[in-house]
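The structure under discussion appears below in the form of structure tokens.
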Number of protein chains: 2
Amino acid sequence: MDVDERRGEVLRAIVEEHIQTAQPVSSQAVARSAGLGVSSATVRNDMTALERDGYLTQPHTSAGRIPTDRGYRYFVDRFADPTAVRGLHGEQQRAVSEFFRGAHAALEDLLHETSGLLARITRHAAVVVGPPTESARVRRVDLVLLQPGQVLAIAVLSNGAVEREMLTVDPDLSSEQVATAEQALAAALVDATLQVPPAPRPSGDPAADGLAGTAHLALHRRAEASHDPLYVGGASRIAAEQEAFATARSAATLLELLEQQVVVVSLVRDLLDQGVSVSIGSEHRIDELRDCSLVLAPYTIEGEVAGTVGVLGPTRMDYQQALAAVATVSAQLGNLLSR
Amino acid sequence: MDVDERRGEVLRAIVEEHIQTAQPVSSQAVARSAGLGVSSATVRNDMTALERDGYLTQPHTSAGRIPTDRGYRYFVDRFADPTAVRGLHGEQQRAVSEFFRGAHAALEDLLHETSGLLARITRHAAVVVGPPTESARVRRVDLVLLQPGQVLAIAVLSNGAVEREMLTVDPDLSSEQVATAEQALAAALVDATLQVPPAPRPSGDPAADGLAGTAHLALHRRAEASHDPLYVGGASRIAAEQEAFATARSAATLLELLEQQVVVVSLVRDLLDQGVSVSIGSEHRIDELRDCSLVLAPYTIEGEVAGTVGVLGPTRMDYQQALAAVATVSAQLGNLLSR
DNA sequence: GGTTGGCAGTCGGTACACTCGACTGCCAGC
DNA sequence: GCTGGCAGTCGAGTGTACCGACTGCCAACC
């Protein structure tokens, strides 16, 4: 085994040990556990070299070393095998297949529950980004007169999502007029996308036309304005992983970020076309995520990339397992949504 | 001012001071700030009496005193005026009325956004419980054939909520058969509640009848099984309020509790018929909520109690402001939903 | 050149003693 | 019943000493 190879093994041992213990790793521990057949002094030399090259850092002089983001990056690129399912225990695999066997919810609920599943098996926070509403075609349009002056506009999309918007209308509008408007709206939207801008719709009844126009505009606006849907599962894990964060405050701001959704969605979108990917600590430009890693896997519906599932944990996380989890879950989710 | 009255004022001063500073309050601080015209020695005597009666406690001998749950209870009962809006700053009031002026979302979204509003103005976590699905009547039923073998069943309820369920069916089922089933289902459900159990529905087409039955059963089951909808806003505040919790772990378990929803829903339901209510620390039997208080106000739709809005914060919270916030928000929300 | 054992040096953590300051409790006097 | 004063208690902060766990370096060895 030549020097470079051994240094890789030393780094690997340090990462694995540190993931397990959350403590700085000493040269002795590596020499003892890694089975390299060299003394701790040699390991020490390698460790100084690895630190010089930016893979390791020392919290303080008389302590062991911990991996830097760059160290994790090397570890993931070199040692983590995204195709290996072996990272998953039997129990976890069972949970996944059981979940997808029993799944029969509408799209939104399904994606939400999927985030919960992923959080459960990885014991970290999980995110699921749904298929963009823009791309889906309208299958059905409803205008429901809930009570005088109040109409609920509903668009059922081909992917099973449902867009809703409440409209306040003239209280004198009759249910027949609403029905007329519904037909007009259906004519304009069914089999189209919500991207289609509203157009004048001359028919017999101007009030009905008005309602159809309003409803179209409202649904159109909503589809325009809304970012891709994001579902977060197991956010409470972030609070439980407090120790990983520099300050108690940063865990709170991270949770806030997840609540606001939009930042996370754009981050995930940016990484979407890279296939299974890992983004470590300072690699993503969002400061609040400095102490976190994001392990993502896109899922496809009938061959098209539709969305992403991901795990959000501290940089000190079990990448092997997270990769295995997102890989299997995304595959199964894509399967389910394709058939 | 007689002794009992003064002791009340001492307690009040301690609670108010402690809410502000989060520190144990000393006799000197009370004597100085409360304007009682007595010396700190007298206050000390009152404080020992208040401690004997269980309203105060001492973290350690050489420290000031902090209120017990019982102390907060007395404070709330005696000094907090739920009808007073004065607890709210102008800025907060403006946020509330602006929010409700601009609101035009479907029920679920509206309630969710309301929880966000309440969290924003109180700077604590907020919960909103929606109207129970059981009571609402069905206004519209859709069976949408998304793709061969996959039907989405949708029920639009009179309160603007939308129940959805995905059904896997015979891939050979034609869209005409789905339409027939939709009509049969509509006949059974429209103007009824989802409580109505499925009944055999003999018509021309057994396949359509089968689908109608399956869809009915699925929607019925979902309505049965699902608890009242709960919307949580500002959960990140809980992480920010860490100091209020005994251990870092307990903040995480509290967040988990909110994710699971069911416990919180039943707790809130139990307190629903008490009008505006405050539940302090150990008063609610749920151990995870030992360090929290819950300030609730039910909202009514057309005179009927429909749900609840609430603030969940540390026992050391500004009850006056929380009460004012939930009172105005619940009133406005009820207003909006009634018209 | 790479590897090794040994040894000095560095630093965090803990234990202890001490002081300071902020309270309370109590009591005698008003 | 209130008050001022005083003793007592305890937490928090500080300085010191010490132990233990590392690393860094070096001379020796293969």
Side-chain angles (χ1 to χ4, degrees), chain A residues 1-11 13-18 20-68 71 243 246 316, chain B residues 1-11 13-18 20-68 71 243 246 316:
Chain A
M1 191 186 314
D2 79 344
V3 181
D4 283 344
E5 196 181 338
R6 192 189 57 217
R7 285 197 183 148
E9 288 301 315
V10 168
L11 178 54
I14 291 173
V15 171
E16 284 176 352
E17 177 95 8
H18 183 251
Q20 257 199 324
T21 63
Q23 298 293 326
V25 182
S26 73
S27 55
Q28 287 173 54
V30 174
R32 207 181 320 116
S33 75
L36 296 168
V38 294
S39 78
S40 68
T42 309
V43 174
R44 273 203 292 285
N45 291 331
D46 292 340
M47 282 164 83
T48 40
L50 286 166
E51 178 163 15
R52 173 175 36 79
D53 296 344
Y55 297 107
L56 296 176
T57 186
Q58 253 180 318
H60 43 259
T61 320
S62 69
R65 296 205 171 57
I66 59 176
T68 60
E243 320 84 45
R316 185 190 81 71
Chain B
M1 192 186 314
D2 79 346
V3 181
D4 283 344
E5 197 181 337
R6 192 189 57 219
R7 288 201 180 146
E9 287 301 315
V10 168
L11 179 54
I14 291 172
V15 171
E16 285 175 350
E17 176 94 9
H18 183 251
Q20 258 200 323
T21 64
Q23 298 295 323
V25 182
S26 73
S27 55
Q28 286 172 52
V30 174
R32 207 182 319 116
S33 75
L36 297 167
V38 293
S39 77
S40 68
T42 309
V43 174
R44 273 203 290 285
N45 291 331
D46 292 339
M47 281 165 83
T48 40
L50 286 166
E51 178 164 15
R52 175 177 33 78
D53 295 344
Y55 296 106
L56 295 177
T57 187
Q58 253 181 317
H60 45 258
T61 321
S62 68
R65 293 196 168 67
I66 59 176
T68 60
E243 320 83 46
R316 184 190 81 70

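Bear in mind the structure is a predicted one, so any value in this text is a computation, not a measurement. Every chain is numbered from 1, with letters handed out A, B, ... down the list of sequences.
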Inset, instruction - Can you tell me the distance, in whole Å, between the CG atom of B:Asp2 and the P atom of D:dG1? - result: 10 Å
Inset, instruction - May I ask you to evaluate whether B:Ser39 reaches the phosphate of D:dT3, defined as a side-chain N or O under 4.0 Å from OP1 or OP2? - result: yes
Legend entry - Closest-nucleotide 5' rank along DNA chain D - winner of B:Thr61 and B:Ser40: B:Ser40
Inset, instruction - Between A:Pro24 and B:Asn45, just flag the one whose closest nucleotide in DNA chain D comes earlier from the 5' side. - result: B:Asn45
Inset, instruction - Take A:Thr21 and A:Arg316, measure what side chain to side chain contact (heavy atoms under 4.5 Å, CB included) needs, and give me the verdict at the end. - result: CA-CA 10 Å; A:Thr21 63; A:Arg316 185 190 81 71; over 6 Å; no
Inset, instruction - Calculate the interatomic distance between B:Leu50 atom CG and C:dG25 atom P; express it in whole Å. - result: 12 Å
Inset, instruction - Spell out, as yes or no, whether a donor-acceptor pair under 3.5 Å connects the side chain of B:Ser40 to the backbone of B:Ala31. - result: no
Inset, instruction - Respond yes when some side-chain nitrogen or oxygen of B:Ser62 is under 4.0 Å from OP1 or OP2 of C:dA22, and no when none is. - result: no
Legend entry - Residue B:Arg44, side-chain heavy atoms: nucleotide from D:dC22, C:dG6, D:dG5 that is nearest: D:dG5
Inset, instruction - Would you kindly give the CD-to-P distance between A:Gln23 and C:dG13, to the nearest whole Å? - result: 10 Å
Inset, instruction - Could you tell me whether A:Ala63 contacts a base, only the sugar-phosphate backbone, or nothing, with contacts defined as non-hydrogen atoms closer than 4.0 Å? - result: sugar-phosphate
Inset, instruction - Take the protein atom CD of A:Gln28 and the nucleotide atom C1' of C:dC7, then report the distance between them rounded to whole Å. - result: 14 Å
Legend entry - Length of the line joining A:Arg65:CZ and D:dT23:P, which is rounded to integer Å: 6 Å
Inset, instruction - Side chain of A:Thr42 only, please: which of D:dT23, C:dT3, D:dT3 is the nearest? - result: C:dT3
Inset, instruction - Could you tell me the separation between the CE atom of B:Met47 and the P atom of C:dG25, rounded to a whole number of Å? - result: 8 Å
Legend entry - Distance, rounded to the nearest Å, where A:Asp4 contributes CG and C:dG1 contributes P: 16 Å
Legend entry - Nucleotide C:dA22, atom P - distance to CZ of B:Arg32 in whole Å: 11 Å
Legend entry - Minimum-distance nucleotide to A:Thr48 side chain [options: D:dG24, D:dC2, C:dG5]: D:dG24
Legend entry - Which atom of A:Pro67 lies closest to which atom of A:Leu56, heavy atoms considered: CA-CD2, 3.8 Å
Legend entry - Position toward the 5' end of DNA chain C (nearest nucleotide), A:Asp46 or B:Gly64: A:Asp46
Inset, instruction - Output the distance between atom CD (A:Glu5) and atom CG (A:Leu36), rounded to the nearest 0.5 Å. - result: 10.0 Å
Inset, instruction - Begin from the C-alpha positions of B:Arg65 and B:Leu50 and carry the test side chain to side chain contact (heavy atoms under 4.5 Å, CB included) through to its verdict. - result: CA-CA 10 Å; B:Arg65 293 196 168 67; B:Leu50 286 166; over 6 Å; no
Legend entry - Short side-chain N/O contact to C:dA22 OP1/OP2 from B:Ser26, under 4.0 Å: no
